[in-house]
Amino acid sequence: MPAVEKVIADLVIGVDHVGFAVQNLATSIEKWEQVFGATLHSREINQDQGVEEAMLRFSDGSQIQLLAALNPESVIGKFLAKRGEGVQQVALQVSNLELATQRLTEAQIPTVYPTSKSGSNKSSINFIHPKYTGGVLIELVQYSA
Ligand code: V0V
């Protein structure tokens with residue numbers, strides 16, 4: 001059993017966002033704006049991840065991410081087909097994603113990618129597989145300075 005205490009404890013800043021898989025991005029944005037009072041912060045296409053995503057913010061700075069599939073074979077497309085709409089990820093902001101990925105790998109905690117990928121708002125992202133975290137996909141996100 002590898003040592004898993006404090007693996008990335010000094011690198012985690014806090015919860016960055018909760019991500020929802022949605023069928024229709026425009027309708028979902030409208031719902032979060034109209035019903036819950038969130039404000040659209042950004043909207044972009046990430047071809048690498050096969051998603052169109054929107055980040056919405058509340059007045060305290062907390063964020064909701066809405067993820068729509070660009071095609072049925074994408075991660076979100078498969079998630080929607082298998083499970084329907086719902087929470088797809090919880091994202092933690094980290095101060096150093098490469099170091100976090102390295103430490104997780106050393107501790108034999110399964111990351112989805114060996115190195116960082118591009119995320120929204122010029123971030124770098126990686127993920128911890130849900131089989132390690134009680135069935136919840138954890139995204140790790142680092143924003144450029
Ligand atoms: C799959 N499973 C999940 C899950 N996806 N459990 C909780 N949350 C999820 N999101 C479970 C599924 O129920 C199965 O459990 C098992 O994992 C294997 O399922 P699968 O359908 O075969 O899925 P895989 O293995 O093909 O893919 C699972 C992984 C995939 C985690 C590898 O979702 C992935 O690559 N995720 C990272 C990329 C990503 O999520 N991109 C979209 C967001 P049982 O049946 O075995 O118990 S992009 C994004 O967030 C961006 C751009 C951003 O933030 O900026």
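Atoms within a ligand are numbered from 1 in the order they appear, just like the ligands themselves.
- Pairs of residues two or more places apart, or lying in two chains, never qualify as ring-ring contact (aromatic ring centres under 6.0 Å, His included) while including a residue from residues 119-138.
- For Asn71, there are no side-chain hydrogen bond (donor to acceptor under 3.5 Å, both in side chains) partners, not counting sequence neighbours.
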Quick check on ligand 1: any N or O pairs to the protein under 3.5 Å? One line per pair.
| from | atom 1 | to | atom 2 | distance (Å) |
| --- | --- | --- | --- | --- |
| ligand 1 | 6 (N) | Arg83 | NH2 | 3.0 |
| ligand 1 | 10 (N) | Gln88 | O | 2.9 |
| ligand 1 | 13 (O) | Arg83 | NH2 | 2.8 |
| ligand 1 | 21 (O) | Lys82 | NZ | 2.6 |
| ligand 1 | 40 (O) | Gln88 | NE2 | 2.9 |
| ligand 1 | 41 (N) | Gln49 | OE1 | 2.8 |
| ligand 1 | 50 (O) | Gln89 | NE2 | 2.8 |
| ligand 1 | 50 (O) | Glu139 | OE2 | 2.8 |
| ligand 1 | 54 (O) | Gln65 | OE1 | 3.4 |
| ligand 1 | 54 (O) | Gln65 | NE2 | 2.9 |
| ligand 1 | 54 (O) | Glu139 | OE1 | 3.3 |
| ligand 1 | 54 (O) | Glu139 | OE2 | 2.7 |
| ligand 1 | 55 (O) | Ser120 | N | 2.7 |
| ligand 1 | 55 (O) | Ser120 | OG | 3.3 |

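- The two residues Leu56 and Ala38 have their closest heavy-atom pair at CB-CB, 3.9 Å.
- Side-chain contact between Leu25 and Arg43 is present, with heavy atoms from C-beta onward closer than 4.5 Å.
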Cut-off 3.5 Å, no hydrogens considered: what does the side-chain donor-acceptor table look like for residues 83-94, sequence neighbours left out?
| from | atom 1 | to | atom 2 | distance (Å) |
| --- | --- | --- | --- | --- |
| Glu85 | OE2 | Gln23 | N | 2.7 |
| Gln89 | OE1 | His17 | NE2 | 3.0 |

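- Residues Asp60 and Ser62 bring a donor and an acceptor atom of their side chains to less than 3.5 Å of each other.
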